[in-house]
Amino acid sequence: MNELLATLDQWHAMEVCFVTSVALILIDYYFTVDYPAYFAYLLCGTGVFLAAPAEPGLRLAAGAGTFGLLLVLHRFWFSRYLTNAHETGTRDAEPQQS
């Protein structure tokens with residue numbers, strides 16, 4: 001297991017996970033579904049798993065805790081800004097007069 005984690009560290013998997021998660025959260029702003037954000041949270045949890053300087057069990061707990069925390073934050077806070085955000089542009093248009 002340690003050899004696999006060392007190989008992933010050489011491939012900069014942690015950085016790739018974090019950058020990809022940020023990109024997916026930005027992309028999620030334009031979609032009506034939340035699946036890109038959920039996948040981004042999973043990648044962020046994976047990045048925390050890879051970054052934690054502990055035994056694999058504690059790493060798994062840290063990654064799962066991060067994923068769970070982001071899901072809770074999404075439910076109560078982030079969903080205000082990420083859900084159906086593309087519909088906000090329709091309010092700015094002036095009504096057509098005939």
Side-chain angles (χ1 to χ4, degrees):
M1 179 71 161
N2 290 333
E3 293 175 13
L4 175 65
L5 293 174
T7 302
L8 289 173
D9 189 40
Q10 289 176 354
W11 291 344
H12 302 283
M14 176 190 64
E15 292 89 352
V16 170
C17 286
F18 286 136
V19 170
T20 306
S21 69
V22 169
L24 283 172
I25 289 172
L26 293 175
I27 287 171
D28 183 58
Y29 182 78
Y30 296 102
F31 287 105
T32 58
V33 295
D34 289 330
Y35 297 120
Y38 296 152
F39 188 64
Y41 302 153
L42 181 65
L43 284 175
C44 189
T46 304
V48 169
F49 170 78
L50 294 172
E55 296 299 317
L58 291 174
R59 292 174 121 179
L60 183 62
T66 301
F67 177 67
L69 176 67
L70 288 172
L71 284 178
V72 168
L73 285 174
H74 180 87
R75 169 68 175 94
F76 293 109
W77 189 31
F78 299 156
S79 62
R80 296 182 204 169
Y81 307 108
L82 293 178
T83 303
N84 299 327
H86 70 282
E87 293 177 359
T88 58
T90 59
R91 287 186 273 158
D92 296 336
E94 294 182 20
Q96 302 244 349
Q97 296 180 355
S98 38

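We number each residue from 1, following the sequence as shown.
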Inset, instruction - Count the heavy atoms of every other residue, nucleotide or ligand shown that sit under 6.0 Å from CZ of Phe18, and state whether that count exceeds 12. - result: yes

Which distance, rounded to the nearest 0.5 Å, do you find between the [atom1] of [X] and the [atom2] of [Y]?
| X | Y | atom1 | atom2 | value |
| --- | --- | --- | --- | --- |
| Met14 | Leu43 | CE | CG | 13.5 Å |
| Thr66 | Leu42 | OG1 | CG | 11.5 Å |
| Leu50 | His12 | CG | NE2 | 12.5 Å |

Legend entry - For the student: nearest non-hydrogen atoms of Pro36 and Leu24, plus distance: O-CB, 3.7 Å

Inset, instruction - Search all heavy atoms of Thr20 against all heavy atoms of Val16 and return the closest pair with its distance. - result: OG1-O, 2.6 Å

Inset, instruction - Say whether Phe76 and Leu71 are linked into one hydrophobic cluster, either directly or through other cluster members, by side-chain heavy-atom distances under 4.5 angstrom. - result: no

Inset, instruction - Give the cluster check for Val72 versus Phe39: same hydrophobic cluster or not, with ILVMFWY residues linked at side-chain heavy-atom distances below 4.5 Å. - result: no

Legend entry - Linked hydrophobic residues, Leu58 as query - side chain contacts closer than 4.5 Å: none

Legend entry - Remaining members of the apolar cluster that contains Val19, side-chain heavy atoms under 4.5 Å: none

Legend entry - Any side-chain heavy-atom pair of Tyr41 and Ile25 under 4.5 Å: yes

Inset, instruction - Mind checking ring-ring contact (aromatic ring centres under 6.0 Å, His included) for Tyr38 and listing every partner two or more places apart, or none if nothing turns up? - result: His74

